[in-house]
Trainee: 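Dropping the structure in here first, questions after.
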2 protein chains.
Amino acid sequence: MACENETAVVLREAGQKVTPQRVHILCEVRHAGVHITASRLIDELRVSHPFIDASTVYRTLASAADLGLVYETDMGSGESEFEWVGKDRHHHLICRSCGDVESLDNSYLDGMATLLYEEAGFQADLGHFAIFGVCKGCQTKA
Amino acid sequence: MACENETAVVLREAGQKVTPQRVHILCEVRHAGVHITASRLIDELRVSHPFIDASTVYRTLASAADLGLVYETDMGSGESEFEWVGKDRHHHLICRSCGDVESLDNSYLDGMATLLYEEAGFQADLGHFAIFGVCKGCQTKA
DNA sequence: GCTGCAGTTGCAACGACTCGCATTTGCAAC
DNA sequence: GTTGCAAATGCGAGTCGTTGCAACTGCAGC
Ligand SMILES: [Mn+2]
Ligand SMILES: [Mn+2]
Ligand SMILES: [Zn+2]
Ligand SMILES: [Zn+2]
């Protein structure tokens, strides 16, 4: 986990106090690479930093989501999943039939964002959507 | 609440047993007109039907959502909000600044659904989205 | 370095939601 | 209308996540 200094800078720029708890929690999210639930995060943190309270983890994730540092998304598992906001903005297509999860480039939703701005004056923040439906493979099977 | 018979028919058509609990719960959702949380629903049911257990309410809402009878949406309040699936398919624009909630006609997302089908073969089910952002009024203030 | 204080944390109590299991019930077949 | 059974309910126990509060700490100013 070599992202500690970088994470501290990001926190400071966002106007947050840099506490060891926050740095550890957010580094763990970054290190996870992909989506991670709060409870799995707590389990993994317990190994390296057993003193961090669960409520601190939840609060840190919530404020990081507010600040746009992480995405919080309901991928249908019942638990929110978190993901560090990196350079590759994307969404997900989730098949209700086989459960397959695919990534979708941001560009598909850009058109809608433009339309919303032009017609409704609403500046949409299309962060990280989970779009449910039926994938190509499962349609042909039916 | 004159929707009891109609609700019973909908339940039967969906292959569910028609129990008084389910009918009362779903009628209450229909009667609410707009989005309602599970806990508020439980409070309101306690008045007219004090014998219905909370777990039955949660189970009924979950299965109704699976069957497509109600929408379950995170509108940002922390609790899921439920809404009877009527004739007017719509989504919502929610302002992060002033909290205003506007309805958005389905047609705005239809274009994206078509694009997804043509380019990825994915049959998206764009039920009832909550799109966060900044409304027109709050932009001019900034 | 100290000091002061707003912001953060841990803890414990609480509310929201889920789950297993024994009992009851809708409903289809006779 | 009786019977049989799968499905639904109620209850209790348990898990997940939130919140109020007292103690603590990062950090800006001196
Ligand atoms: Mn993702
Ligand atoms: Mn709605
Ligand atoms: Zn599939
Ligand atoms: Zn606004």
Side-chain angles (χ1 to χ4, degrees), chain A residues 4-5 7-29 35-46 48-67 69-70 72-82, chain B residues 4-5 7-29 35-46 48-67 69-70 72-82:
Chain A
E4 272 134 23
N5 293 331
T7 302
V9 171
V10 173
L11 273 172
R12 215 182 303 276
E13 281 173 355
Q16 299 259 106
K17 279 189 185 171
V18 179
T19 68
Q21 289 91 330
R22 284 213 242 248
V23 173
H24 291 137
I25 293 163
L26 294 181
C27 278
E28 196 73 37
V29 174
H35 313 137
I36 185 169
T37 65
S39 50
R40 238 190 64 209
L41 195 54
I42 290 168
D43 284 347
E44 291 180 11
L45 279 167
R46 227 193 299 277
S48 48
H49 308 276
F51 49 87
I52 299 181
D53 193 77
S55 67
T56 300
V57 175
Y58 287 110
R59 281 191 275 232
T60 298
L61 289 173
S63 78
D66 280 348
L67 294 165
L69 303 182
V70 302
E72 175 179 2
T73 312
D74 173 14
M75 307 283 287
S77 74
E79 277 185 79
S80 278
E81 303 193 10
F82 295 87
Chain B
E4 272 135 23
N5 292 331
T7 302
V9 171
V10 173
L11 273 171
R12 215 181 306 273
E13 281 173 356
Q16 300 258 107
K17 279 191 186 172
V18 179
T19 69
Q21 290 92 331
R22 283 214 245 248
V23 173
H24 291 137
I25 292 164
L26 294 181
C27 278
E28 195 73 35
V29 174
H35 315 136
I36 187 169
T37 65
S39 49
R40 237 191 64 209
L41 195 53
I42 290 169
D43 283 346
E44 291 182 11
L45 280 167
R46 226 192 300 279
S48 49
H49 307 277
F51 48 87
I52 299 181
D53 193 78
S55 67
T56 301
V57 175
Y58 286 109
R59 281 190 274 231
T60 298
L61 289 172
S63 78
D66 279 348
L67 293 165
L69 303 182
V70 302
E72 177 179 1
T73 313
D74 173 13
M75 308 283 287
S77 75
E79 278 185 78
S80 279
E81 303 194 10
F82 296 86

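Naming convention: chains lettered A, B, ... in sequence-line order (proteins, then strands); numbering from 1 in each chain. Everything numeric here is computed off the predicted structure, so don't read it as measured data.
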Trainee: Any chance you could measure Thr56(A), atom OG1, to Gln21(A), atom CD, to the nearest 0.5 Å?
Mentor: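 It comes to 6.0 Å.
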Trainee: Tell me whether Thr73(A) contacts the main-chain N or O of Met75(A) through its side chain, where contact means a donor paired with an acceptor under 3.5 Å.
Mentor: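 Pair absent, no side-chain N/O of Thr73(A) close to backbone of Met75(A).
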Trainee: If you compare all heavy atoms of Arg22(A) against all heavy atoms of Lys17(A), which two are closest, and at what distance to 0.1 Å?
Mentor: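 Closest pair (atom of Arg22(A), atom of Lys17(A), distance): NE-O, 3.3 Å.
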Trainee: Atom CG of Asp43(B) to atom P of dC17(C): distance rounded to whole Å?
Mentor: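 Checked: the CG to P distance equals 12 Å.
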Trainee: Nearest-Å distance, CZ (Phe51(B)) to P (dT9(D))?
Mentor: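 Phe51(B) atom CZ is separated from dT9(D) atom P by 11 Å.
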Trainee: Distance check needed: dT18(D) C1' versus Glu72(A) CD, whole Å only.
Mentor: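 Going from Glu72(A) (CD) to dT18(D) (C1'), I get 13 Å.
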Trainee: Would you confirm whether Arg12(A), through its side chain, and Val18(A), through its main-chain N or O, come within 3.5 Å as a donor-acceptor pair?
Mentor: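 Side chain of Arg12(A) to backbone of Val18(A): no pair is present.
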Trainee: Calculate, to the nearest 0.5 Å, the distance between atoms CZ and CD belonging to Arg40(A) and Glu81(A) respectively.
Mentor: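 So the CZ of Arg40(A) and the CD of Glu81(A) are separated by 8.5 Å.
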Trainee: Rounding to an integer number of Å, can you tell me how far His24(B) NE2 sits from dA8(D) C1'?
Mentor: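 For the pair His24(B) NE2 and dA8(D) C1', the rounded distance is 16 Å.
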Trainee: Expressed as a whole number of angstroms, how long is the span from Glu79(A):CD to dG17(D):C1'?
Mentor: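 Rounded to the whole Å, the gap is 10 Å.
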Trainee: Grab the CG-P distance between Asp53(B) and dT23(C) for me, whole Å please.
Mentor: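 After rounding, the gap between these two atoms is 17 Å.
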Trainee: Reading nucleotides 20-30 of chain D from the 5' end, what letters show protein touch, with B for base, S for backbone sugar-phosphate only, - for no heavy atom under 4.0 Å?
Mentor: B-----BS---
Trainee: Can you check the Asp66(B) CG to dA7(D) P distance for me, whole Å?
Mentor: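 Interatomic distance, CG of Asp66(B) to P of dA7(D): 15 Å.
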Trainee: Is His24(A) reaching over with its side chain to a backbone N or O of Pro20(A), donor-acceptor style, under 3.5 angstrom?
Mentor: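 Such a contact is found between His24(A) side chain and Pro20(A) backbone.
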Trainee: Look through every strand shown and name the nucleotide pairing with dC11(D) as Watson-Crick or G-U wobble, where both distances are under 3.5 Å.
Mentor: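 Pair assignment: dC11(D) / dG20(C).
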Trainee: Whole Å only: how far is the CG atom of Leu11(B) from the P atom of dA7(D)?
Mentor: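 In whole Å, dA7(D) P lies 16 Å from Leu11(B) CG.
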Trainee: If only side-chain N and O atoms of Tyr58(B) are considered, is one of them under 4.0 Å from the OP1 or OP2 phosphate oxygen of dT18(C)?
Mentor: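 Result: no.
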Trainee: Where each residue is assigned the nucleotide of DNA chain C containing its nearest heavy atom, which of Gly78(B) and Arg22(A) is assigned the position nearer the 5′ end?
Mentor: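 This one resolves to Arg22(A).
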Trainee: Less than 4.0 angstrom from a charged side-chain N to a carboxylate O is my criterion; do Asp43(A) and Arg46(A) meet it?
Mentor: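 So Asp43(A) pairs with Arg46(A) through a salt bridge.
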